[in-house]
Amino acid sequence: MLSRRSFLQTTGTAGAAAFAAFRNEGLARVQAAGHRAAGAAPHEVASDEHYWREIQQAFTLDRTIINLNNGGCCPSPRVVHEALKRYLDISNQAPVYHMWQILEPNIETVRRRLAAAFGCDAEELAITRNASEALQIAQLGIDLAPGDEVVTTNQDYGRMLDTWEQRVRRDRIKLTKVSFPVPPESMDVLADRLLGAITPATKVLHFCHITNLTGQIFPVKRICDEARRRGIKTVVDGAHAFAHFPFTAADLGCDYYGTSLHKWLLAPIGTGFLYVRRDNIPALWPLTPANEKKASDIRKFEEIGTHPAANHNAIAEAMSFHEGIGIERKSARLRYLRNRWASRLAQSSRIRIHTNLDPAHSCAIGTVQITTVPTSKVVAQLWDRWRIIATPIVHAEYEGVRVTPNVYTTIEEIDTFAGAMEGMAKFEV
Ligand SMILES: Cc1ncc(COP(=O)(O)O)c(C=O)c1O
């Protein structure tokens, strides 16, 4: 282990110059705000604008735009972005030494911390570049014979559906996509739709922990337990779930889980992880082949060739920032922001909210439609007139504007969005 002194000697001037950045103002502000809010319940802190102002100040944003598409990918807090830049600077001195020998081994710290937060063993967690890569390792790595069936939904993520469709063409497997109501009146509907589609040929169930289209949370444990009882593997798409609302692996009971870290964890862009239940590791083929000796090692899924260590190492700073707020407090704030616009817009007869607002069903993500105006026009107007970024969701069965705030979003930004929507609904643009 290097002492701080020998580390600075090793890394030379770039390391010494970067030392000033180690005095971490952003993190200190989060911690100071946390001290002030200590003892208050998460739902009380959710509306404490003094507390959230400190969090908002930890980001370097362009406040001339209102970014309500944090579901795509998020800006990192200053502390994370500085770590990323610092690690890149250090790497660039002599990458074969500074990146491979000094920085890369520290991926194990990141693995350990992510596993602790997710509630699995570190030996079950591989660090990936995004949720797509994590999920595709599972989707393409499971042995399936012609005629074997995968059951999923028609509201799963496009790329993940494309991945299964490719296996249909290449391996002649069968893909069944079930529909479900939006919003569903109960969790039972979701479990019943998926479990009801199982046939003797079904080998895999693939579904979202929380969908990107409307933010619908699924009864993951119920579905996974039943699938396991029937000998069926479960691939859960958690791209939007980790660090968004509280849960652990034990609450899920799935075989494979893939998530992004550049969404709700606010880690650098190009980060994600894959969880593989320990007994599934040896039989799962990596996407990029690894030596046979690594067959039972979770690290076989990280054999991607030369890549920056900076991105995955700066996840550690994102974890510290996230833990400084705390998942209970964060999810309470995200629901508070979502409810602020949703409860206001729900008053209009021309507005339909496609997200079930029950806290068990959803958190920050909400999808809303002005029934009298095409969604593409609503999204264009939000940008042209108010500089609000939101995502159009156009599904075969419904459409609307997806709204995803994050911890840095201000009340004024939420209210501007709600006012803009009310205006458009009233006058029809
Ligand atoms: C439900 C869902 N799955 C998978 C992904 C892919 O995530 P990434 O872009 O991190 O690969 C996304 C991205 O938005 C998503 O919403």
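One-based numbering, in listed order, for ligands and for the atoms of each. Atom set for the values below is all heavy atoms of this structure, side chains included, hydrogens, waters and symmetry mates excluded.
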Q: Just let me know how Glu133 lines up against ligand 1, side chain, backbone, both or neither, with a heavy-atom cut-off below 4.0 Å.
A: neither
Q: Heavy-atom contacts with Asp237 under 4.0 Å: which atoms of ligand 1 show up? List them by number with element.
A: 1 (C), 2 (C), 3 (N), 4 (C)
**Q.** Presence of salt bridge, Arg170 and Glu165, under 4.0 angstrom
**A.** no
Q) Within the structure, does Lys263 bring an N/O atom to less than 3.5 angstrom of an N/O atom in ligand 1? A) yes
**Q.** Contact atoms of ligand 1, heavy-atom distance to Ser260 under 4.0 Å
**A.** 7 (O), 8 (P), 10 (O)
Q) Of all the heavy atoms in Arg129, does at least one lie under 4.0 Å from an atom in ligand 1? A) no
Q: Check each atom of ligand 1 against the heavy atoms of Ala131 and keep those under 4.0 Å away; list them by number with element.
A: 7 (O), 8 (P), 10 (O), 11 (O)
(Q) I need the nearest protein heavy-atom contact for atom 15 (C) of ligand 1: residue, atom name and distance, please. (A) Tyr157 CD1, 3.3 Å
Q | Check ion pair Asp48-Arg333 (N to O, under 4.0 angstrom) | A | no
Q) Can a cation-pi geometry be assigned to Arg385 and Trp383, taking NZ or CZ under 6.0 Å from the six-membered ring centre and within 45° of the ring axis? A) no
Q) Is the ring centre of Phe180 less than 6.0 Å from the ring centre of Phe218? A) yes
Q | Lys85 and Glu82 ion-paired at < 4.0 Å | A | no
Q.
Suppose I only count heavy atoms of Ala239 and a 4.0 Å limit; which atoms of ligand 1 are within that range?
A. 2 (C), 3 (N), 4 (C), 5 (C), 12 (C), 15 (C)
(Q) How far is atom 11 (O) of ligand 1 from the closest protein heavy atom, and which atom is that? (A) Ser132 OG, 2.5 Å
Q) Could Glu302 and Lys294 be called an ion pair, given the rule that one side-chain N must be under 4.0 Å from one carboxylate O? A) no
Q. How are the rings of Phe245 and Phe247 set to each other: parallel, tilted or perpendicular (split at 30° and 60°)?
A. tilted
